[in-house]
Amino acid sequence: MKVTSLIETIGSDFYSGVPDSQLRALCDYLIDRYGTDPKHHIIAANEGNAVALAAGYHLATGKIPVVYMQNSGEGNIINPVASLMNDKVYAIPCVFIVGWRGEPGVHDEPQHIYQGEVTLKLLEDMDMAHFVISKDTTEEELAEKMQEFKQILAAGKQVAFVVRKGALEFDGKVKYENANTMTREDIIRHIAEHTGDDPIVSTTGKASRELFEIREVRGEGHEKDFLTVGSMGHASSIALGIATQKPEKKIWVIDGDGAALMHMGAMAVIGANVPKNIVHIVVNNGAHETVGGMPTVASKIDLVAIAKGCGYPSAVSVDNFEDLDVELEAVKLRNELSLIEVKCSIGARADLGRPTTTTQQNKNAFVGHLQNK
């Protein structure tokens, strides 16, 4: 189905959400039509943030907003949907467009398996009527369902279109790029060259996939790395939980800008606790690159100032490998909480692989490495 058919059928002029590869056609369409004009399209820090933005739009206009997201974001919307939007509270109507990763019977990565199984159930638990869009869904079926949904929306409830893999198409071409020169894979390679036997917690997406392949090429094992699958935005908190219990070990975090933004409160908690053994590296390409390249707001904010404001004693930004190596060597010797922002280009190798070990194998090997003195 052409994404324009879905857009026209819904009939909204305000969209907010978190990009998803399953919704690439929708995301590219929104960028092509609206860019990031906040009157019509805001890329949110997380899905709960998108729901609140949608609520504000409805309060200001009386019209129905749309929130788009991967199904992994359902957990982030439960609170604002149940305690703000629900018809027993403020009765704020909203259309959700949900990419269905991990649909039962469709092969996907491990972090999507259980989430895929409970996707529809979670919508039902939130009292949200839903309709699944497949490749063979017709415009007539979609229009008929939207007519039903309009009655539900008029009662101050929420509805959802759940999008199967490959169900939406967009003919336009959108190119995502920035002026930075360092690739993320080369950045992670430089980090791995400096960390020795120290544990690394890497964020979800291509960063962890690249770290895995770098270890393979170097002929190393993977026990030093905790590859955070799913749970976007929580790698730094996982690292803090480890660092407090293992003060004798330096814990490195390879984070992404979208992930750091998604749960930025984690930086405040880390800064307030001031663990001397954490090195927090944010690879910032200003994009949700793993799921397609749509922009984040990270290119418009000062992550170094934010880190210092949160209590990080040391925070710097680098945009070249010479400076990166200097800072990596410095933090190895420094006994204090440190942040390094690394300005990064958008893009990855087309042949980038995926970890060949299971998540359980990764966890067990990592736990064993942590126990070693």
Side-chain angles (χ1 to χ4, degrees), residues 176-203 205-215 217-218 220 224-225 235-236 239 243 249-261 264 266-267 270-271 274-290 293 295-349 352:
Y176 301 105
E177 58 186 356
N178 60 35
N180 301 324
T181 59
M182 292 193 289
T183 68
R184 184 183 50 250
E185 188 165 8
D186 283 338
I187 291 167
I188 294 173
R189 185 175 293 108
H190 277 248
I191 295 170
E193 289 170 355
H194 284 82
T195 53
D197 287 331
D198 294 341
I200 296 176
V201 179
S202 58
T203 190
K206 290 182 180 177
S208 282
R209 291 164 58 185
E210 288 165 342
L211 178 59
F212 186 92
E213 291 212 347
I214 288 166
R215 297 296 194 194
V217 170
R218 289 164 60 96
E220 300 174 349
K224 292 175 283 191
D225 310 322
S236 62
K249 294 182 180 291
K250 188 176 288 292
I251 311 299
W252 300 69
V253 186
I254 300 176
D255 217 347
D257 56 292
L261 288 168
M264 190 176 279
M267 291 179 66
I270 293 170
V274 206
K276 294 182 178 181
N277 56 331
I278 285 184
V279 179
H280 190 177
I281 302 171
V282 181
V283 183
N284 183 4
N285 60 9
H288 287 283
E289 195 265 316
T290 291
T296 71
V297 298
S299 60
K300 300 178 180 180
I301 64 175
D302 189 338
L303 285 174
V304 169
I306 290 168
K308 289 182 176 178
C310 286
Y312 285 60
S314 174
V316 298
S317 181
V318 299
D319 62 5
N320 61 80
F321 287 113
E322 182 179 0
D323 289 344
L324 174 61
D325 287 335
V326 168
E327 293 300 332
L328 290 172
E329 193 61 30
V331 293
K332 282 176 63 176
L333 304 175
R334 188 184 301 139
N335 186 34
E336 67 178 5
L337 171 63
S338 303
L339 179 135
I340 304 173
E341 176 195 28
V342 189
K343 300 293 183 68
C344 175
S345 62
I346 298 173
R349 286 187 290 115
L352 179 62

Checklist line | Val318 and Ile340: CA distance, side-chain angles, deciding distance, side-chain contact (heavy atoms from CB on, under 4.5 Å) verdict | finding: CA-CA 7 Å; Val318 299; Ile340 304 173; 4.2 Å; yes

Strictly distance-based, threshold 3.5 Å: is any side-chain N or O of [X] a donor or acceptor partner for the main-chain N or O of [Y]?
X	Y	value
Ser202	Ile200	no
Asn285	Ile346	no
Thr203	Ile254	no

Distance check, rounded to the nearest 0.5 Å: [X] atom [atom1] versus [Y] atom [atom2]?
X	Y	atom1	atom2	answer
Glu193	Asp325	CD	CG	7.5 Å
Thr195	Ile251	OG1	CD1	11.0 Å
Asp186	Cys344	CG	SG	9.5 Å
Glu327	Ser338	CD	OG	9.0 Å

Item checked: Aromatic plane relationship, His190 with Phe321 - under 30° parallel, 30 to 60° tilted, over 60° perpendicular -> parallel

Within-4.5 Å side-chain heavy-atom neighbours: [X] and [Y]:
X	Y	value
Asp198	Lys249	no
Met264	Ile306	yes
Arg334	Ser314	yes
Asn320	Leu324	no
Trp252	Ile281	yes
Asp225	Val201	no
Pro199	Lys224	no

For [X] against [Y], the heavy-atom pair lying closest together:
X	Y	result
Leu337	Pro275	CB-O, 3.2 Å
Pro295	Tyr176	CD-CE2, 4.2 Å
Val274	Pro313	CG1-CG, 4.1 Å
Tyr312	His280	OH-ND1, 3.0 Å
Ala348	Arg184	CB-NH2, 3.7 Å
Val253	Ala239	CG2-CB, 3.2 Å

Check: In terms of side-chain heavy atoms, does Thr296 have a donor or acceptor partner in Asp257 at a distance below 3.5 Å?
Finding: yes

Next item on the list: In sequence, state the C-alpha distance, the side-chain angles, and the governing distance for Ser236 and Ile270, and then conclude on side-chain contact (heavy atoms from CB on, under 4.5 Å).
Entry: CA-CA 8 Å; Ser236 62; Ile270 293 170; 3.6 Å; yes

Item checked: Val279 vs Lys250, side-chain contact (heavy atoms from CB on, under 4.5 Å): CA-CA, chis, key distance, verdict -> CA-CA 7 Å; Val279 179; Lys250 188 176 288 292; 3.9 Å; yes

Next item on the list: Only one of Asp319, Val342, Leu303, Asn178 passes side-chain contact (heavy atoms from CB on, under 4.5 Å) with Asn284; say which it is.
Entry: Leu303

Margin query: Lys343 vs Ser317, test: side-chain contact (heavy atoms from CB on, under 4.5 Å). Steps then yes/no.
Written below: CA-CA 7 Å; Lys343 300 293 183 68; Ser317 181; 3.8 Å; yes

Note to self: How about NZ on Lys332, more than 12 heavy atoms from neighbouring residues, nucleotides or ligands closer than 6.0 Å, or not?
What the structure shows: yes

Item checked: Glu210/Arg189 ion pair, N-O < 4.0 Å -> no

Next item on the list: Taking only Lys NZ, Arg NE, NH1 and NH2, and the carboxylate oxygens of Asp or Glu, determine whether Lys206 and Glu185 approach each other closer than 4.0 Å.
Entry: no

